[in-house]
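Chain letters run A, B, ... following the sequence lines, proteins first, then strands; residues in each count from 1.
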There are 2 protein chains.
Amino acid sequence: MTKNYASEISSPLSSNHEDYLKAIYILETRGEQVTNSALSEYIGFTPASATNMVKKLAQMDLVIYRPHQAVALTPTGRRVALEILRHHRLLELFLHQTLDIPWDSVHEEAERLEHVLSEALEDAIAASLGYPKVDPHGDPIPSKNGEISHTPGHPLSQSEAGRAYRLVRVLSQEKERLAYLGELGLQLNVEVFLREQAPFDGPVLVEVAGEEHALAADMAALLQVVPASAE
Amino acid sequence: MTKNYASEISSPLSSNHEDYLKAIYILETRGEQVTNSALSEYIGFTPASATNMVKKLAQMDLVIYRPHQAVALTPTGRRVALEILRHHRLLELFLHQTLDIPWDSVHEEAERLEHVLSEALEDAIAASLGYPKVDPHGDPIPSKNGEISHTPGHPLSQSEAGRAYRLVRVLSQEKERLAYLGELGLQLNVEVFLREQAPFDGPVLVEVAGEEHALAADMAALLQVVPASAE
DNA sequence: CGTAGTTTTTAGTCATGGCTAAATTGTATC
DNA sequence: GATACAATTTAGCCATGACTAAAAACTACG
Ligand SMILES: [Mn+2]
Ligand SMILES: [Mn+2]
Ligand SMILES: [Mn+2]
Ligand SMILES: [Mn+2]
């Protein structure tokens, strides 16, 4: 058997089923309404396809669907979403740590592998990593029984200038963006000194590993930090 | 991009396409004629489905199909089969070595993972294992450019009694059989002393790690060995 | 409220790739 | 060579899940 949630559902789920549920979960956690258009845009299929799939998921009791309303996960749907998300983030960390895959590439690899990970493999990976709590981007890894911790931190763009911070999460999975940040030395847990914060949503000046860089406001908004003093 | 052979083919191949090609390759190497029934039995679909798929593979120039004749791989088809086989065997070894997955479980895991392995990951795995030549069952791992070595050895059932041998390959991927062999201590590269060989295809008596065991003739036929003196 | 514009749903099409059942072809035996 | 039996192919069915285009339903604004 290949999946933990297998006992809770009627028919086996395809990769796309799982990606839909994961997408709904992620959109839910963003606090936005999970409209059909938001969902279809996120997964990259047409709105008609999204409606179609959501109806099927509703028949399987994985989501609640009321026409023209935002879709929501049922408890079972959330369990499935969290299991796939756990696979995804464990894989990202494993690929990064064990196989030296750069942090800007792990997402796309995990996107395919997450669907073919057995329980045994999930457990073996988790064990070999020492039961980690976050992935290479600082995203929390759901526990086996579906708990997920809230990550601390606040955007660098909303932090006080003249202080040192530690990067605890990057709210982006865009390959190019992550590659750029990596070039600046901005990897997870790196120390960042916030030199200057321009007003009117202007750029921020930071110092990383002795070098100074300017970051656009929207970029800085994606960088979650905590005070470096909290060591 | 996900596969190396992508440039050589017209349309992307599904997991099942790849498994068919791999199956044809394996049946070919057994020296038997790859009949429709042999193929359909091996892959576990009906003969009608096999005919159907073989015709599609023929349209893509991956196999040669003539009605009522044995099917054969084209050079391109062989390249695809060998790439998937490389994925499979690299994964088996990786799972066994790096994640301690038992040798009787790696096959089924690799059967799913082999289809979602990117070039980058294939390379990273091969590098982390030190570019290995054989998998945990002694099956040769095809090279990146599609070369595959011939493994030495002969069946234990056709070996001379009173001599010591080294197990270099097990010609089975049945979970229960491998688990049983593992319990006897019969893992790859283990030393086996052939105590007695009963006539008329009778059982063989072996000594492994100080313990004596009797093996059925068909079991012993699956164990490929070389003289232990060849150290 | 009524209407324009947006969002969502419906309806209908298509490709894929399994399946069963029936027809056909090939093979072996008398 | 006829005939039985096995292997293979054909024909037709079905589920899945994408798509486009059209219809319907919501929303917002004058
Ligand atoms: Mn995915
Ligand atoms: Mn991540
Ligand atoms: Mn496979
Ligand atoms: Mn093997």
Side-chain angles (χ1 to χ4, degrees), chain A residues 2-3 6 9-24 27-28 30 32-72 77 80 84 111-112 115-116, chain B residues 2-3 6 9-24 27-28 30 32-72 77 80 84 111-112 115-116:
Chain A
T2 250
K3 293 285 169 41
I9 56 171
S10 40
S11 55
L13 303 181
S14 71
S15 296
N16 282 356
H17 282 106
E18 294 179 346
D19 280 340
Y20 270 94
L21 292 170
K22 189 158 58 89
I24 295 167
L27 292 172
E28 275 187 356
R30 285 191 189 165
E32 303 155 26
Q33 289 278 84
V34 185
T35 62
N36 196 261
S37 44
L39 179 57
S40 76
E41 196 193 345
Y42 187 89
I43 56 176
F45 293 124
T46 62
S49 300
T51 303
N52 199 271
M53 182 62 98
V54 164
K55 281 174 154 186
K56 283 184 190 163
L57 295 172
Q59 281 182 339
M60 295 187 250
D61 269 308
L62 296 169
V63 303
I64 290 166
Y65 169 68
R66 301 247 113 215
H68 298 277
Q69 302 264 110
V71 62
V80 176
I84 303 305
E111 201 53 62
R112 283 173 285 110
H115 307 291
V116 296
Chain B
T2 250
K3 292 284 170 44
I9 56 169
S10 39
S11 54
L13 303 180
S14 69
S15 296
N16 281 356
H17 283 107
E18 295 179 345
D19 280 341
Y20 271 94
L21 292 170
K22 190 159 56 88
I24 295 167
L27 292 173
E28 276 187 356
R30 285 191 189 166
E32 304 155 25
Q33 291 277 85
V34 185
T35 61
N36 196 263
S37 44
L39 180 57
S40 75
E41 197 194 345
Y42 187 89
I43 56 176
F45 293 124
T46 63
S49 299
T51 303
N52 199 271
M53 182 61 98
V54 164
K55 282 174 153 185
K56 282 185 191 162
L57 294 173
Q59 282 182 339
M60 295 187 249
D61 268 309
L62 296 169
V63 303
I64 291 167
Y65 169 68
R66 301 245 113 214
H68 297 276
Q69 303 262 111
V71 63
V80 176
I84 303 305
E111 201 55 60
R112 283 173 284 110
H115 307 292
V116 296

Below 3.5 Å between N/O atoms, which protein atoms pair up with nucleotides 24-29 of chain D? Just atom names and distances, please.
none

- Task: Rounding to 10 degrees, work out the angle separating the end axes of the helix from C/dC1-D/dG30 to C/dC30-D/dG1 (five pairs an end).
- Result: 10°
- Query: Is there side-chain contact between A/Val71 and A/Ile64, with at least one heavy-atom pair below 4.5 Å?
  - Reply: no
- Task: Report the C-alpha separation of B/Ile84 and B/Leu21 in whole Å, then their side-chain angles, then the decisive distance to 0.1 Å, and conclude whether the side chain to side chain contact (heavy atoms under 4.5 Å, CB included) test is met.
- Result: CA-CA 9 Å; B/Ile84 303 305; B/Leu21 292 170; over 6 Å; no
In whole Å, what is the span from the [atom1] atom of [X] to the [atom2] atom of [N]?
X       : N      : atom1 : atom2 : result
B/Gln33 : C/dT27 : CD    : C1'   : 15 Å
B/Gln69 : D/dT9  : CD    : P     : 10 Å
B/Glu41 : D/dT8  : CD    : P     : 11 Å

- Task: Taking atom types as modelled, find out whether A/Thr46 and A/Ser49 have a side-chain donor-acceptor pair closer than 3.5 angstrom.
- Result: yes
- Can B/Asp19 and B/His115 be counted as having a side-chain donor-acceptor contact under 3.5 angstrom? yes
Of the non-hydrogen atoms in [X] and [Y], which two are nearest, and what is the gap between them?
X       : Y       : result
B/Ile24 : B/Val63 : CD1-CG1, 3.9 Å
B/Ser11 : B/Met60 : OG-SD, 3.6 Å
A/Leu27 : A/Leu39 : CD1-CA, 3.8 Å
B/Ala23 : B/Ile43 : CB-CG2, 3.7 Å

- Query: Roughly how far apart are B/Ser37 OG and B/Tyr42 OH, rounded to 0.5 Å?
  - Reply: 15.5 Å
For nucleotides 15-19 of chain C, print each protein N/O atom paired with a nucleotide N/O atom at under 3.5 Å, atom names and distance only.
unit_1, atom_1, unit_2, atom_2, d
C/dG17, OP1, B/Ser14, OG, 3.3
C/dG18, OP1, B/Asn16, ND2, 2.8
C/dC19, OP2, B/Thr46, N, 3.0
C/dC19, OP2, B/Thr46, OG1, 3.0
C/dC19, OP2, B/Ser49, OG, 2.6

- Message: Looking at B/Glu41, I'd like to know if its CD atom is crowded, meaning that more than 12 non-hydrogen atoms belonging to other residues, nucleotides or ligands lie closer than 6.0 Å.
- Response: no
- For A/Ser37 and C/dT7, is the shortest distance between a side-chain N/O and OP1 or OP2 below 4.0 Å? no
